[in-house]
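One-based numbering along the sequence shown.
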Amino acid sequence: MPRTTTGPTADRPLVSLPWEELVTSALLGTDRRPPVAPGGRVPADGPAALLDAVALHTVRRRAGLLPAVPGARPEPTPHDPRPQLPEAARHRLAQLLADRAAPAASGRRGAAPDLTELIPQWLATANRRGFRAPAALVPPLLDAARARTDLRPQALAFAGPLGLWLAALNPEWKFALRGSAGGSLVPDTSDPEAVRRLWEEGLFAERIALLDAVRAREPGAALALLATVWSTERAEDRLMFLDSLRTGLGDGDEEFLEQALADRSRNVRATAAELLSALPSSAFAGRMAARATSCVNPDRTGAGAGAGASIAVEAPHECDAGMQRDGVAAVPPTGRGERSWWLVQLVEATPLGVWQEQFGGRPAEEIVALPVADDWAGELHAAWCRAAVRQRHPEWARALLGAASAPPAGSPGPASIAERSKLLAVLSEAERADWVAAFIAAHGLSEAFQLLGVCTVPWAGPLGRAVVDALDIARDGGSYPWSFSGVMGLAERCLDPAEADRLEVLTATPDEQEDASPGAGGYWSEAFQRLVSTLRLRAAMEAELT
């Protein structure tokens with residue numbers, strides 16, 4: 001406490017020192033930084049004089065404050081016409097959000113469900129049913145979305161206009177105003193004036209969201225909007241805008257994309273070429289097909305099975321100016337040969353229907369099974385895989401995947417699980433699930449994690465049973481349960497909740513085998529108990545949102 005004095009201000013020689021200087025002396029100590037009054041005088045009792053001066057400064061600072069001018073009251077939040085949540089569902093959401101904020105447990109997970117991992121499914125179901133968020137839970141919901149970007153689309157859609165209204169008042173929630181997917185406040189795209197104003201004056205993320213919205217409603221209008229500013233935008237922004245054209249891509253985009261092939265940015269040129277290659281009737285696709293078919297042909301010199309029973313490959317000897325203008329990168333990645341690099345780029349940009357014409361009308365399954373001369377099969381099949389993904393061609397994706405039961409090395413397409421996942425995504429939901437179920441039945445779960453990630457939720461009956469059967473086999477074999485923790489976590493989120501009763505028998509602790517991992521039985525029992533509990537909890541959540 002400062003000592004009380006009654007003398008005049010002159011008895012306090014440090015009063016005229018600036019506040020910052022007094023703070024510096026206090027922080028460093030009066031021994032190291034003695035306070036010096038104007039005129040060079042150092043008070044005899046430095047610490048006490050410093051405290052006196054600080055006390056007077058504090059009173060002055062407080063007394064000198066002026067009343068703040070009140071700001072304008074915020075506009076009321078827009079009306080949200082969606083119905084209220086059922087009471088049970090509201091309590092469930094509060095529980096899920098409270099669990100998210102609780103300190104994370106360390107070590108063994110135990111048999112209790114992980115409530116945090118159920119938030120995305122709860123939000124997806126609530127949005128699908130058309131409910132609005134309870135006002136009291138919108139702040140913790142925005143906090144959860146701030147911490148987890150994967151929650152933002154569903155969380156912001158559920159929070160609705162109240163979430164955006166609150167985000168405008170709290171800087172910690174400003175992510176909601178950045179135009180992120182599902183959370184942007186896009187004007188009515190049928191109002192040309194509102195669209196024009198946001199397009200000309202909005203933040204970049206808002207303009208991206210606007211372009212996506214207009215593109216989804218009227219692709220031609222979005223293209224016209226983009227053309228008005230294309231030449232003045234930065235290269236990285238042009239790339240993002242160009243990516244928006246993937247939605248509703250059609251022949252009407254060809255002229256614009258052809259012009260983008262001459263862009264000064266290499267990434268923009270490459271993206272324009274990729275989009276044009278997805279238009280089989282485009283002039284670009286025709287040019288690439290002409291180049292590719294001059295390199296890949298039926299082998300008409302072979303004997304035995306007849307001409308055309310194998311594939312001959314002659315890779316390009318140069319990457320000319322025309323190829324580079326069409327997006328072919330002349331310099332290969334480190335460790336890659338130039339000619340194979342050029343060949344792959346030509347083939348992956350060629351419409352797949354061209355090959356069926358080139359090989360006498362053979363179906364894709366027969367073409368990919370043909371032997372390829374001079375060890376070019378790997379390069380050719382890899383290029384066809386990328387073409388099938390880019391062109392969303394189920395017949396070629398199916399042919400390149402081959403039989404799910406066949407070993408990867410014996411399939412015509414890629415042995416890489418990542419590449420197979422991309423091909424699977426081209427197939428229908430039912431065919432995808434059936435293929436992955438057959439793969440798991442033949443090869444187990446060790447390589448199936450990425451494949452399961454492209455299957456729709458909840459998993460179809462055969463796929464769910466294949467996963468559970470494979471887990472049961474691993475359990476009975478005494479395998480390390482933590483080796484399957486990723487698949488078990490997916491099962492908790494993706495299995496049909498109706499499977500819970502059938503899985504009850506697996507919650508018992510199995511007898512320890514001689515060659516089993518120590519303690520594995522207890523871990524498996526906990527894992528299946530958690531799986532069953534989670535499935536039943538998901539079923540209850542669904543019922544509460546009905």
Determine, stepwise, if the pair Trp396 / Leu423 fulfils side-chain contact (heavy atoms from CB on, under 4.5 Å). CA-CA 9 Å; Trp396 277 83; Leu423 289 172; over 6 Å; no

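- Nearest approach of Ser244 to Ile208, heavy atoms of both residues: OG-CD1, 4.4 Å.
- In this view, Trp376 satisfies the ring pair (Phe, Tyr, Trp, His ring centres under 6.0 Å) rule with no residue, not counting sequence neighbours.
- Donor-acceptor pairing under 3.5 Å is recorded for the side chains of Ser277 and Arg390.
- Judged as a side-chain hydrogen bond (donor to acceptor under 3.5 Å, both in side chains), and not counting sequence neighbours, the contacts of Glu379 are Arg336.
- For the side-chain hydrogen bond (donor to acceptor under 3.5 Å, both in side chains) test, no residue two or more places apart in sequence or in another chain qualifies with Arg264.
- No hydrogens or angles considered: nothing links the side chains of Arg362 and Gln356 as a donor-acceptor pair under 3.5 Å.
- Every pair passing ring pair (Phe, Tyr, Trp, His ring centres under 6.0 Å) that includes a residue from residues 250-274 is listed here, sequence neighbours excluded: Trp230-Phe256.
- Salt-bridge formation is not detected for the pair Arg215/Asp212: no Lys NZ or Arg NE/NH1/NH2 atom is positioned less than 4.0 Å from an Asp or Glu carboxylate oxygen.
- Taken to the nearest 0.5 Å, the CD atom of Gln154 stands 9.0 Å off from the CZ atom of Arg128.
- With contacts defined as side-chain heavy-atom distances shorter than 4.5 Å, the pair Leu156/Leu141 does not qualify.
- Heavy-atom contacts from other residues, nucleotides or ligands closer than 6.0 Å to CD of Glu117 number more than 12.
- Not counting sequence neighbours, the partners of Val328 by the side chain to side chain contact (heavy atoms under 4.5 Å, CB included) test are Met288, Cys319, Met323, Trp342, Gln345, Leu346.
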Review point. Taking it one step at a time, do Glu318 and Arg339 satisfy salt bridge (Lys or Arg N to Asp or Glu O under 4.0 Å)?
Key: CA-CA 7 Å; Glu318 65 172 340; Arg339 296 182 65 198; over 6 Å; no

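- Side-chain contact check for Met488 versus Glu492: some heavy-atom pair is nearer than 4.5 Å.
- Nearest approach of Ala145 to Leu151, heavy atoms of both residues: CA-CB, 4.3 Å.
- Annotation: side chain to side chain donor-acceptor pair (under 3.5 Å) contacts involving residues 450-465, sequence neighbours excluded, are absent.
- Summarising the geometry of Ser340 relative to Gly337, their closest heavy-atom pair is OG-O, 3.1 Å, with the distance given to 0.1 Å.
- Applying the side chain to side chain donor-acceptor pair (under 3.5 Å) test to pairs two or more places apart or on separate chains, those with a residue in residues 216-227 are Thr189-Arg217.
- A salt bridge links Arg246 with Glu274: the distance from a Lys NZ or Arg NE/NH1/NH2 to an Asp or Glu carboxylate oxygen falls below 4.0 Å.
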Item to complete: Please report the C-alpha distance between Arg291 and Glu314 in whole Å, then the side-chain angles of each, then the deciding distance to 0.1 Å, and finally whether the salt bridge (Lys or Arg N to Asp or Glu O under 4.0 Å) criterion is met.
Response: CA-CA 11 Å; Arg291 295 174 181 129; Glu314 179 67 28; over 6 Å; no

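- In this structure, the side chains of Leu96 and Trp122 come closer than 4.5 Å at one or more pairs of heavy atoms.
- Considering only heavy atoms from C-beta on, Glu200 stays 4.5 Å or farther from Val229 through its side chain.
- Under the side-chain hydrogen bond (donor to acceptor under 3.5 Å, both in side chains) criterion, Asp496 pairs with no residue, sequence neighbours left out.
- Qualifying ring pair (Phe, Tyr, Trp, His ring centres under 6.0 Å) partners for Trp341, counting only residues two or more places apart in sequence or in other chains: none.
- Annotation: Glu255, atom CD; neighbour count of heavy atoms from other residues, nucleotides and ligands within 6.0 Å does not exceed 12.
- Within the 4.5 Å cutoff, no side-chain heavy atoms of Leu451 are placed close to those of Ile440.
- The side chain to side chain donor-acceptor pair (under 3.5 Å) analysis of residues 424-441, with sequence neighbours excluded, yields the pairs Arg398-Glu431.
- A pairwise comparison of heavy atoms in Pro371 and Ala309 identifies CD-O, 3.5 Å as the closest pair.
- For Phe241 and Phe204, the ring centers sit closer than 6.0 Å to each other.
- Within the 3.5 Å criterion, the main-chain N or O of Gly353 finds no donor-acceptor partner in the side chain of His393.
- Contacts of Trp384 classified as side-chain hydrogen bond (donor to acceptor under 3.5 Å, both in side chains), with partners at least two apart in sequence or in another chain: none.
- The shortest heavy-atom contact between Arg538 and Pro497 is NH2-CD, 3.7 Å.
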- Query: Would Glu258 and Arg325 satisfy salt bridge (Lys or Arg N to Asp or Glu O under 4.0 Å), going step by step from the backbone distance to the final call?
  - Reply: CA-CA 10 Å; Glu258 277 283 348; Arg325 192 262 176 190; 3.0 Å; yes

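- Residues passing the side chain to side chain contact (heavy atoms under 4.5 Å, CB included) test with Glu172 are Arg146, Asn170, sequence neighbours excluded.
- Of all heavy-atom pairs spanning Ala388 and Leu400, the tightest one is CB-CD1, 4.3 Å.
- Within the 4.5 Å cutoff, the side chain of Leu275 has no heavy atoms near those of the Asp253 side chain.
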